[in-house]
Amino acid sequence: MEANRRKFLIGTSLVAASASMAGYKEMLGTAVTMGRKGRAAKDAIYADAQETEGVIATSFDKNSAFSLRNAVCNGCTSHCGMRVKIDNATGKVVKASGNPYNPLSTDPWLPYNTPLEESFVLLGKETGHTYRSTACARGNVVFDRHYDKGRVLTPLKRVGKRGENRWQSITPEQLLKEIVEGGDLFGEGTVKGLAAIRDLETPMDPNDPKCGPKANGLCVLGTGNEGRQAYMVNRFIGAFGTRNYMGHTAICGLSMRSGEAAYLGDFKGYPHLKPDFEHCEYLLTIGTAPAQAGNPFKRQAKLLAKARTFGKLKCVTVAPMLTNADALAAGDRSEWIPIQPGGDLAFVMGLLRVMIEEELYNASYLKLPSETAQKAFNDASWTNATHLVIQSGEKTGHILAQEEAPLVLEEETGVLKPASEVLQGRLFVDTQVEFQGETIGVKSAMSLLREAALAHTLEEYAQESGVSVERIVRTAREFASHGRKAAVDCHGGTMHTTGFYTTYAIMMLGAMVGNLNYQGGMSAGGGKYKDFNGAKYNLLGFPGKVASQGYRVDRARFAYEKTTEYAQKVARGENPYPAKDTWYPLTNALESEVIFNSAKGYPYKLDALISWNANFIYGQSGANALEELLKDPKKAVPLIIAIDPFINETSRFADYIVPDSVMYETWGVVSPWAGYQTKANSVRFPTIAAPQATFANGEPVSMDSFVIELGKALGLPGFGEGAIVGKEGEKYDFNRPSDFYLRAFENIAIDGSGVPECSDEEIELAGLEPYVKLLQNTCGQNWRKTAYVMARGGRFEEKEKGYVHGKLAHPYKKPIQIYNEPLGTARHALTGEPFSGVPTFMPARLARGEKLFALYPKEKFPLSAFSYKSNVLSQATASSQMIKEIRPTTYIDLNPQTAAQQDVSHGQKVRLVSPGGSVEGRVRLRHGVLPGAVAIEHGAGRDGEGALDVWIDGQKIEGCALRKSGANINKLGIMDSSRELATLSDFVIGSNARQALPVRIETI
Ligand code: SF4
């Protein structure tokens, strides 16, 4: 039975039906006789199923009607490796399945040197179960974005007012001329062009040279890194010379990213941790749900299922909603801890309190004060738990150090010594030490953490989180009992006003058991082969690249105490606090502040914005106020250029739209964020032709080609003849995107011992014949190696290379920060309050400290709204027509108890009202939502991407009501009334607060 079923699955997915199918024929013949929309199907058994791409016998007999190319899916931020089936007659993608070489799509994955033909054959034998490589529901269908009627195919210029959605097509040449030269482009007065904006000499503000040059008047907003960010940031931003590039992390998962950066002691690189899903025994997943969403979505879902089935994993999900991460089928391997939205910080501080009070932590690990001690004890990481934090005087908050070498009290002797000379330091220290003739009060990092954890009782933590004391205690004990095989995970659930400390606290649980770099513990990922900067080329550098200067417009990565404003106030003898507005020295980028800051002119006003696939108007909580600013070119940004394959909620307000490529038409090199233990680079190249208008050289207009042509039109360094420089000084032209990306592929191919050469047979099987000439011209003698990488969709290290003797083969090398010194020595720019250098509990707040729920009390807003992601919708692809067939709309999800209290019923249309806005939707009753909470799935309720009517060249393209359908929680977003013109955000790091919003329900 099982064997027959397997053959059936193979038959419908990959190979032609076999004779063993006969037993099913009668049944299927009656069941499947209809095709789409009532038309009779082509075949009574297989309905309208596509022809298969080949037949597996002892070899793979490929169907010549199709090409099969390994590529990368952009259906969500996971960027899984895919195998794309292209109909040679139409040139269209007709199917996408997983690439079996790529760990993001299967586990185990094929050894890299597996011949391509065998990679097909293996999928059809018994090994098909082992190496089956899949696309998720979304990845299966979102290639329909290629063929969406809402795609922008030519450059567009607005006609009429911003946001009216009336456009005219223009040529690429007109586009370039107008945005470079500026002028009276819309009959509304003179608009400064990019040529005038790129002034590297004149200060932006003569009264404050720290604003940098006028070139900072251009800001580029991107989105997640889908493999082209390095290109934009280095080749364009680096050539233009502006300080202002921001990705979308501020409105996505910045609370998580920044809390992990604090824990890992790297606010520059913002590294990212994930559990070793495959080997951990106890996983505490807080405000995220592997098997439902998160990154890498497919991989972690698969590993979670396998670990619960074949391993020892128990997965505990802490969230206001029962998610797919919890599974009844997993029995006692699964637990759901319902929690108040935003209650996660209190819950985790409660866990830390129990672990510290009951001494459930790994003391001998935490006592390791240095790398020397780590090596002596053959451990996998170390922390600064024993390092001493100065408690008074000018150096308050700094770690006691001699010439930058931290000092600790030796465990045995109590003598103050350099950490590198001590094998075990004292863990709890609250004393005075004599150092360089001074008596200095110090506390160890661990003592500070204990103080913070014990600052509130378990009853208080229970009250704030909605989780009982008994359950907090039980969870802490169970977590600790698994030692180094206990792991944690979190993500978007932490996007609230205290989300940064929440993540820092969650990660700290891992430090208590010492799980970093252990098999079954936490991992920062397996790394990658050298790509953009590799053995043959540094594609990120070029002669004339500008070292940008000055404040960033988002006021990130800059301490208020270093500003001219601060210095002037101090010089005048004034209290320097509050600043005019917040500054964020520890934050990597804040898209959510850009438009507001430009409108306020603080630190300065922008002249132009390039919005590259960014969509903050949909994705930012409380973006309503932004729309008003964007509508009027005088208010925030005089010139907006969107690079976007669609007219989305944000590009709707642009002055010009530059088409971009989509999915399998694009170039890119991308590595997994985390959740993998071996080196991996996925490569993406245009597997099908892009339909956009072209530049004079025949290149379709896309971000990549636009940047080259714009760079040349502006006379920027790093474009055109000889602009790519090899490591030996040789020069290559940079006229097309392939000049850049193929060389990145080549770097990957020759890294280390390099990959084998691709044979003619594999070139044919991988559908690479059309690329051979280009490969030969670009990569010279390395062209077959580069083809080998393309044929496999990237380069992937073998699975068994992930671990060495129970530890990760690619460990994170910096120490864990029990106390984070840059954090503990920073101050809030408005209140002047010093930040706690260790995780600490505090209630939801505005920037200046007012308690959020005192301002918006339960009497007026009795419920708490939060957003969640499903396994189907992703913001970037939610408007896909085929996704809409799977998930037509979204709802306002309530527990039946809440509905009864509010006197609303299942299916009833209601209005959800917050202090910042309202949204309408239909009630759906779900027992799996915490009573008192309101859940809204993220991704629907669109005002762009085909949802609204659009006029191009006078022709109306009717909006699709289905795309508009559903609730967008961000319309409930709240402005921070303690600041001028700013949305509610985390008070330390500035991440946009979209969780735990106070709301009430009104009937319509
Ligand atoms: S998880 Fe995301 S990237 Fe992977 S197949 Fe699904 S949609 Fe594509």
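Each ligand, and each atom within it, is numbered from 1 in the order the structure gives.
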Which protein non-hydrogen atom lies closest to [atom], naming both residue and atom, and how far is it?
atom                    : answer
atom 7 (S) of ligand 1  : R138 NE, 3.3 Å
atom 1 (S) of ligand 1  : F297 CD2, 3.3 Å
atom 6 (Fe) of ligand 1 : C136 SG, 2.2 Å
atom 4 (Fe) of ligand 1 : C80 SG, 2.3 Å

Pair E762 + R792: basic N to acidic O under 4.0 Å |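 Salt bridge flag = yes for R792 with E762.
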Check each atom of ligand 1 against the heavy atoms of H79 and keep those under 4.0 Å away; list them by number with element.
->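 Listed by number with element, the hits are 3 (S).
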What atoms of ligand 1 come closer than 4.0 angstrom to any heavy atom of K298?
->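 This gives 5 (S) as the contact atoms.
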Would you say C73 reaches atom 8 (Fe) of ligand 1 with an N/O/S atom under 2.8 Å?
->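 Yes.
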Do F685 and Y771 have their ring centres less than 6.0 Å from each other?
->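 So the answer is yes for these two rings.
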Check: Y231 ring centroid to Y741 ring centroid under 6.0 Å =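 Yes, the ring of Y231 comes within the 6.0 Å limit of the ring of Y741, centre to centre.
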Backbone or side-chain N/O/S of C76 under 2.8 Å of atom 2 (Fe) of ligand 1 |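 For C76, the answer is yes, given that an N, O or S atom comes within less than 2.8 Å of atom 2 (Fe) of ligand 1.
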Working to the nearest 0.5 Å, report the span between CE of M246 and NE2 of H248.
->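 It comes to 14.5 Å.
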How many angstroms lie between CG in D276 and CG in L808, if you round to the nearest 0.5 Å?
->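 Rounded to the nearest 0.5 Å, the CG-CG separation comes to 6.5 Å.
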Side chains of Y664 and H146: closer than 4.5 Å at any heavy-atom pair?
->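 Heavy-atom side-chain distance check passes, below 4.5 Å.
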